[in-house]
Amino acid sequence: MKNPFYILDVFAPEKYCGNQLAVVRHAVSISDAVMQKIAKEINFSETAFILSDDKRDGAFDVRIFTPAQEVPFAGHPVLGTAYVIQQEIIKEPAGSLILNLKIGQIAVTISYKDNSPETLWMRQIQPVFGKVIGAEVIAEVLGLDADEIDSRYPVQEVSIGLPFIIVPLKGMKAIKKCRINRDKYFELINKTEAKALFVFSPETYEDGNDLNARMFADYYGIPEDPATGSANGCLGGYLVKNGYFKKKQIAVRVEQGYEIGRRSLILVNAEEKDGSIDISVGGKVMMVSRGKLA
């Protein structure tokens with residue numbers, strides 16, 4: 001059987017923006033090695049594989065690979081895969097659906113406009129806050145001066161299933177200046193659970209957006225990612241926990257990918273309540289092309 005596959009733009013304000021994703025169907029017969037080879041050949045930040053068009057325990061089985069390895073969870077593959085399931089498998093409006101991932105079940109809700117998906121949202125698991133890293137250390141990794149990091153807030157590992165080092169920067173000058181020192185980067189991640197860096201700034205390219213962000217993950221074969229749902233989920237928890245907007249409930253628009261020409265928009269809602277933090281990450285998904293694997 002030739003496997004149908006789809007190329008999508010996720011977190012895309014318009015086509016040919018956002019983060020590119022390949023989704024492959026009927027993948028239960030594809031070996032791990034071949035999935036990894038496909039992900040490497042496609043060379044997007046992640047490739048998703050829907051194992052079957054049929055549900056298992058009320059959810060669809062999905063695996064996610066970067067060009068370098070399989071990961072238990074990643075944000076834009078969840079939204080992009082949910083879009084494919086709704087449009088190509090269910091083929092009628094579905095308010096919600098569930099994906100079985102290595103990390104567990106992730107629920108996706110979908111709003112519609114004229115019977116077409118408008119915005120997809122995924123509910124995140126509870127954030128886990130880890131190691132705090134010194135500003136001087138992270139500045140060396142990013143090619144910055146330590147005083148370009150906002151010392152009012154910690155540089156900290158945060159995980160919602162995939163961990164990131166969240167780095168608050170003072171402004172756009174620092175955002176534009178970031179250049180990864182690979183030696184310092186690998187020296188750092190050998191000592192941390194998180195292997196990816198997510199920097200953000202309160203200054204933005206576009207009016208109406210709240211934050212600008214960049215993500216670096218050479219460990220996963222991704223020098224820079226144009227839109228990162230899982231990292232923005234971690235960011236939502238970080239912002240609420242540290243009182244960045246002086247609120248326990250936030251709804252923010254995060255722009256990402258501008259430095260690499262893939263303009264993206266990620267919507268992040270987070271609320272701290274009764275000792276926990278509820279986080280949802282959302283955005284648009286657009287179909288670019290479709291075909292069949294040989």
Side-chain angles (χ1 to χ4, degrees), residues 11 45 71 73-76 124-144 146-172 174-175 177-178 180-181 184-185 188-189 191-204 209-220 222 224-248 250-257 259 264 266-272 276-281:
F11 298 122
S45 56
V71 293
F73 170 74
H76 87 281
Q124 312 291 277
I125 68 172
Q126 279 295 302
V128 176
F129 298 91
K131 185 177 181 179
V132 172
I133 298 164
E136 295 81 6
V137 172
I138 208 72
E140 285 191 328
V141 174
L142 292 166
L144 300 176
D147 63 5
E148 293 177 291
I149 296 169
D150 192 338
S151 61
R152 295 175 298 171
Y153 307 100
V155 175
Q156 188 171 20
E157 290 185 276
V158 185
S159 178
I160 54 168
L162 190 64
F164 293 85
I165 299 171
I166 306 296
V167 185
L169 301 181
K170 289 184 176 179
M172 189 61 72
I175 282 282
K177 185 179 173 182
C178 287
I180 294 295
N181 180 318
K184 295 291 184 181
Y185 164 80
L188 171 66
I189 66 169
K191 304 171 185 175
T192 58
E193 180 184 358
K195 310 303 179 187
L197 277 63
F198 192 74
V199 306
F200 73 95
S201 156
E203 295 182 353
T204 60
N209 294 338
D210 301 293
L211 300 171
N212 179 281
R214 298 178 71 181
M215 196 282 278
F216 307 97
D218 277 315
Y219 175 83
Y220 296 113
I222 307 167
E224 182 166 355
D225 205 27
T228 320
S230 49
N232 275 282
C234 292
L235 176 65
Y238 173 99
L239 295 171
V240 169
K241 179 178 182 291
N242 291 290
Y244 193 86
F245 289 105
K246 309 295 189 284
K247 298 176 183 178
K248 291 187 178 294
I250 62 170
V252 297
R253 296 164 57 92
V254 183
E255 60 181 38
Q256 191 181 334
E259 296 296 322
S264 305
I266 303 96
L267 308 176
V268 182
N269 292 346
E271 181 179 11
E272 186 174 17
S276 63
I277 302 176
D278 292 331
I279 305 167
S280 293
V281 174

TODO: For the pair F200 and Y238, name the ring-plane relationship: parallel under 30°, tilted 30 to 60°, perpendicular over 60°.
DONE: perpendicular

- [ ] Please confirm whether K241 makes a cation-pi placement over F129, using NZ or CZ under 6.0 Å from the six-membered ring centre and within 45° of the ring normal.
- [x]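 So K241 does make the cation-pi contact.
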
TODO: Sort out for me which residue in N232, I125, I277, V128 forms a side chain to side chain contact (heavy atoms under 4.5 Å, CB included) with I160.
DONE: I125

TODO: Any side chain to side chain donor-acceptor pair (under 3.5 Å) involving residues 155-171? Give me the pairs, sequence neighbours left out, ordered by first then second residue.
DONE: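 Every candidate side chain to side chain donor-acceptor pair (under 3.5 Å) pair involving residues 155-171 fails, so no pair, neighbours aside, qualifies.
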
- [ ] Please report the shortest heavy-atom distance between A194 and I165, naming the atom on each side.
- [x]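 Heavy atoms of A194 and I165 come nearest at CB-CG1, 3.7 Å.
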
TODO: Grab the two heavy atoms, one from G236 and one from I279, that are nearest each other, plus how far apart they are.
DONE: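 Scanning both residues completely, I find the closest heavy atoms to be C-CD1, 4.5 Å.
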
Open item on the list: I'd like to know if R214 pairs up with E224 as an ion pair, taking the criterion as any Lys NZ or Arg NE/NH1/NH2 lying under 4.0 Å from an Asp or Glu carboxylate oxygen.
Closed with: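 Yes, R214 and E224 are salt-bridged.
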
TODO: Decide side chain to side chain contact (heavy atoms under 4.5 Å, CB included) for S151 and I149; before the verdict, give the C-alpha distance in whole Å, the side-chain angles of both, and the deciding distance to 0.1 Å.
DONE: CA-CA 6 Å; S151 61; I149 296 169; over 6 Å; no

Open item on the list: Any heavy-atom pair between the side chains of F164 and T228 that's under 4.5 Å?
Closed with: yes

TODO: Measure the shortest side-chain to side-chain distance between L197 and M215 over non-hydrogen atoms and say whether it is less than 4.5 angstrom.
DONE: no

Task: Pairwise salt bridge (Lys or Arg N to Asp or Glu O under 4.0 Å) hits with a residue in residues 133-144, at least two apart - done: E140-K184

Examine distances only and state if a side-chain atom of [X] and a backbone atom of [Y] form a donor-acceptor pair shorter than 3.5 Å.
X    : Y    : answer
S201 : E203 : yes
T204 : N212 : no
D210 : R253 : yes
K247 : Y244 : no

Look up atom [atom1] in [X] and atom [atom2] in [Y], then write down how far apart they are to the nearest 0.5 Å.
X    : Y    : atom1 : atom2 : answer
Y185 : L142 : OH    : CG    : 11.0 Å
N209 : Q256 : CG    : CD    : 12.0 Å
I138 : I133 : CD1   : CD1   : 5.0 Å

TODO: Would you check if there is a donor-acceptor pair between the side chains of D225 and S45 at a distance under 3.5 Å?
DONE: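 Yes, D225 and S45 have a side-chain donor paired with an acceptor closer than 3.5 Å.
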
Open item on the list: Are there over 12 heavy-atom neighbours, none belonging to K248, within less than 6.0 Å of that residue's NZ?
Closed with: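 Counting neighbours around NZ of K248, 12 or fewer heavy atoms of other residues, nucleotides or ligands fall under 6.0 Å, so no.
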
